[in-house]
Number of protein chains: 2
Amino acid sequence: MTVTIKDVAKKAGVSPSTVSRVLSGHPRISLETSRKVKGIMEEMGYTPNMMAKSLVSKTTNSICIILPKPAEELFSNLFFMELIRGIVTQSSRSGYDVLISSGANEREELEAVSRLLKGRRVDGVILLYSRKDDAVIDFLEAGGYPFVLIGRSDRYEDILSVDNDNIKAAFDATNHLIAMGHERIGFVSGPPNLIVSRDRLEGYRMAMESNGLEMRPEWIVEGEFLQDSGYRAMSFFMNLPNRPTALVAVDDMVSFGVLRGLNELKYKVPEDLAIVSFNNIPLSELSSPPISSIDIGIYHLGYTASQVLIQTIQKPDNHDGYTNRFVIPHRLIVRESSMYAPGKK
Amino acid sequence: MTVTIKDVAKKAGVSPSTVSRVLSGHPRISLETSRKVKGIMEEMGYTPNMMAKSLVSKTTNSICIILPKPAEELFSNLFFMELIRGIVTQSSRSGYDVLISSGANEREELEAVSRLLKGRRVDGVILLYSRKDDAVIDFLEAGGYPFVLIGRSDRYEDILSVDNDNIKAAFDATNHLIAMGHERIGFVSGPPNLIVSRDRLEGYRMAMESNGLEMRPEWIVEGEFLQDSGYRAMSFFMNLPNRPTALVAVDDMVSFGVLRGLNELKYKVPEDLAIVSFNNIPLSELSSPPISSIDIGIYHLGYTASQVLIQTIQKPDNHDGYTNRFVIPHRLIVRESSMYAPGKK
DNA sequence: CCTCCTAATGGAACCGTTTGCTTTACAAAG
DNA sequence: CTTTGTAAAGCAAACGGTTCCATTAGGAGG
């Protein structure tokens, strides 16, 4: 049925080991034999059986991405698609296949990771989130499995991770609004157990403080990375007696919610409220008005994560113990949503 | 190091075959033995090696998705992510892993598919596009590999595919505009080599004809699934002496281009031009005004494709030869962009 | 009490590769 | 002419499971 290494060997009049060696470019194979065998492989349409290969080599040439459960909802968030694109592109260049998996909850995720890694189906894992405490990370560390985190982990300092400098990014975003003349600036944060939320909030704080601006507790609201949170935050802010003239939102999707709400209430952006948010998903420039956003290089995050992971898989000993956090540069893209200098109060 | 079936067997004082049978729920294993072995597996942290299993069973319990190169574009991103979400969710429910692969061109795609399928790394494939002639499809058919097409293929009538009834969808969209009182309706199509473009155009034609409405050739323009096409189509239409009062666009992205253009020229939507388009991507409801769109159930397309594929893998003979085209229902979402009844001429 | 059936388990071959250890053949060296 | 070295290729044992074909031990039936 299928043509195996033995069939090729028989037809070529050599032993299976020789064929195998031809395949892997073993040095001690005569050019003549090599050519003949290759010809026959071509002729018979031979393709090596990856399963058999993996079984003996204990290596699968594939990695896996774990999508967190919230990704189900956030999935529409283009963020993940960009990441996946970066990962798949780089992995494919390195000759690795990418498996994508998700679980309904942490237990299911752990189960999946365990099954894939212990079952020798993948060589390593990319985690697309960073929660505070994570059983999956514990498992990976304990088992000594290669893995890379996209995002930062404060609990585990020695973990390989690819991330942005979110503190600096939020600092830049806030400073931009301040430079435009805003003094009352609100902040819409994400879930407090995500480190990215905390980092961005921290950057906002630093910018406000270093400019001697007042920070009212009611100007900071918590939400999700979803439109809805923006919508709610907006209506909360706009009803405040001393409402902000600008806001920083933790994610572009939140901005969309804000925008929709303001639109319904006939407010103008950026005149009534200026907005800057994060991630610069492709939609940011399509909304009306286009949203100023911090481009965090999502594709690049994925690309780098794959690179780092595969390197680790191939040379686990090459790790110098110092450079385990890779920081992808961000940059502020100014668009209409923040192009307005308010009259000083 | 790793715990194998033999280790478990030894510790349990049984043979490897017995352990294997416990694992697969073989009927002729005593309850007592089963319990004991399961206990030991748990205790030793045993996880079956998928590679070894696959090697003998000739089955991998995984499928693969081929991302076409154009997936790099924005429209595709939203679309594909939804699709992937549907596929991954359903596959995971059926106990299948999903591998995601892409190629820079058709040759690379073919190479990947061939390597994965012949190399026994996956059991089947989902193709996320439908070009007119396709070497990958030829390969899959010739090899008798299980695969499902998302989209329709006119050349291969007997291929398993999951699709919408795009003709009917376009018919509905156009009829909606007609019902609102429009008589001069334009159509912005997509690339003519995509079947979806042709089907939607056909539906538009049918609706116009069945209502006895005039169809001017200059009211039909060809473009891509991109904003730009909408922008250009808009300026073409608006300069016509007898311009349309409404238009049907083949994709939401096209509508955005139209919207932007109309906005620049200070035209009002839907008063000066009403719009309906296809796909109902999340942004459709965020634009101003929100766009009426045909929801084609993208997630559902993916979900069903996975279902059909896995069913085919598991029971290849179960195919009745008739139902090889699965049609996902669409529905029109009416929003502001078409909520206006023009004065009759 | 012997035979036969059946439930429960063991033995061993096999899935398609890789790889350490030999073997072979020949040329150079002694 | 024997020894030694080396390049090229073959043998066979893994890798971790599955499964067909025994084998064993009771219990039922005669």
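Any value given below was found using the heavy atoms of this structure, including those in side chains, with hydrogens, waters and symmetry copies removed. Below, chain A is the first sequence line, B the second, and so on; all start at residue 1.
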Undergrad: Find out whether B:Thr2 and A:Arg120 are in side-chain contact, i.e. whether some heavy atom of one side chain is under 4.5 Å from a heavy atom of the other.
TA: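 A side-chain contact under 4.5 Å exists here.
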Undergrad: Roughly how many Å is it from CZ in B:Arg35 to P in C:dA8, rounded to a whole number?
TA: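 Result: 14 Å.
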Undergrad: Can you check the B:Lys36 NZ to C:dA8 P distance for me, whole Å?
TA: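 It works out to 14 Å between those atoms.
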Undergrad: Rounded to whole Å, how long is the line connecting atom CG of B:Leu55 with atom P of C:dC15?
TA: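 After rounding, the reported distance stands at 9 Å.
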Undergrad: Check the pair A:Ile100 / A:Leu67 against side chain to side chain contact (heavy atoms under 4.5 Å, CB included), numbers first and verdict last.
TA: CA-CA 7 Å; A:Ile100 174 167; A:Leu67 290 173; 3.9 Å; yes
Undergrad: What distance separates B:Ile328 CD1 from B:Tyr299 OH, expressed to the nearest 0.5 Å?
TA: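 Those atoms lie 12.5 Å apart.
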Undergrad: In terms of side-chain heavy atoms, does B:Ser57 have a donor or acceptor partner in B:Thr59 at a distance below 3.5 Å?
TA: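 No - no donor-acceptor pair under 3.5 Å links their side chains.
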Undergrad: Could you check if a side-chain atom of A:Pro48 sits within less than 4.5 angstrom of a side-chain atom of A:Ile5, using non-hydrogen atoms only?
TA: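 SC-SC contact between A:Pro48 and A:Ile5 ruled out.
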Undergrad: Any side-chain heavy atom of B:Asn324 sitting closer than 4.5 Å to one from B:Ile159?
TA: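 With C-beta onward as the side chain, the pair stays apart.
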Undergrad: Would you work out how much the helix from C:dC1-D:dG30 to C:dG30-D:dC1 bends between its ends, with each end axis defined by five base pairs, to 10 degrees?
TA: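 Comparing the first five pairs with the last five, the axes sit 70° apart.
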Undergrad: How long is the gap from OH on B:Tyr96 to OG1 on B:Thr60, to the nearest 0.5 Å?
TA: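 Separation between the atoms: 7.5 Å.
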Undergrad: Give, for atom CD1 of B:Ile298 and atom CD1 of B:Ile84, the distance between the pair rounded to the nearest 0.5 Å.
TA: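 Answer for the CD1-CD1 pair, B:Ile298 versus B:Ile84, is 12.0 Å.
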Undergrad: Please list, for nucleotides 9-12 of chain C, all pairs of protein and nucleotide N/O atoms separated by less than 3.5 Å.
TA:
residue : atom : partner : partner atom : Å
C:dT9   : OP1  : B:Ser30 : OG           : 3.3
C:dT9   : OP1  : B:Thr33 : OG1          : 2.3
C:dT9   : OP2  : B:Ser30 : N            : 2.9
C:dT9   : OP2  : B:Ser30 : OG           : 3.4
C:dT9   : OP2  : B:Thr33 : OG1          : 3.3
C:dG10  : OP2  : B:Ser15 : N            : 2.7
C:dG10  : OP2  : B:Ser15 : OG           : 3.2
C:dG10  : OP2  : B:Thr18 : OG1          : 2.6
C:dG10  : N7   : B:Arg21 : NH2          : 3.0
C:dG10  : O6   : B:Arg21 : NH2          : 2.8
C:dG11  : N7   : B:Ser17 : OG           : 3.3
C:dG11  : O6   : B:Ser17 : OG           : 3.4

Undergrad: Does B:Lys58 put a side-chain nitrogen or oxygen below 4.0 Å from OP1 or OP2 of C:dG16?
TA: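 Yes, B:Lys58 has a side-chain N/O under 4.0 Å of OP1/OP2 on C:dG16.
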Undergrad: Without decimals, in angstroms, what is the distance between A:Met41 CE and C:dG16 P?
TA: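 Spelled out: CE on A:Met41 to P on C:dG16 is 17 Å.
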Undergrad: Cut-off 3.5 Å, side chains only: do A:Thr18 and A:Ser15 have a donor facing an acceptor?
TA: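 Checked: A:Thr18/A:Ser15 side chains pair up, N/O donor to acceptor below 3.5 Å.
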Undergrad: Without decimals, in angstroms, what is the distance between A:Lys6 NZ and C:dT17 C1'?
TA: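 So the NZ-C1' distance, A:Lys6 to C:dT17, works out to 9 Å.
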Undergrad: Hey, are the side chains of A:Ile137 and A:Phe147 touching, using non-hydrogen atoms and a 4.5 Å cut-off?
TA: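 Contact flag for A:Ile137/A:Phe147 side chains = yes.
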Undergrad: Which is the 5'-most and which the 3'-most nucleotide of DNA chain D that has an atom under 4.0 Å from a heavy atom of chain A?
TA: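 Contact boundaries, 5' end first: D:dA7 to D:dG16.
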Undergrad: What's the verdict on side chain to side chain contact (heavy atoms under 4.5 Å, CB included) for A:Ser62 and B:Arg121, showing C-alpha distance, side-chain angles and the deciding distance?
TA: CA-CA 11 Å; A:Ser62 41; B:Arg121 198 192 205 66; 3.2 Å; yes
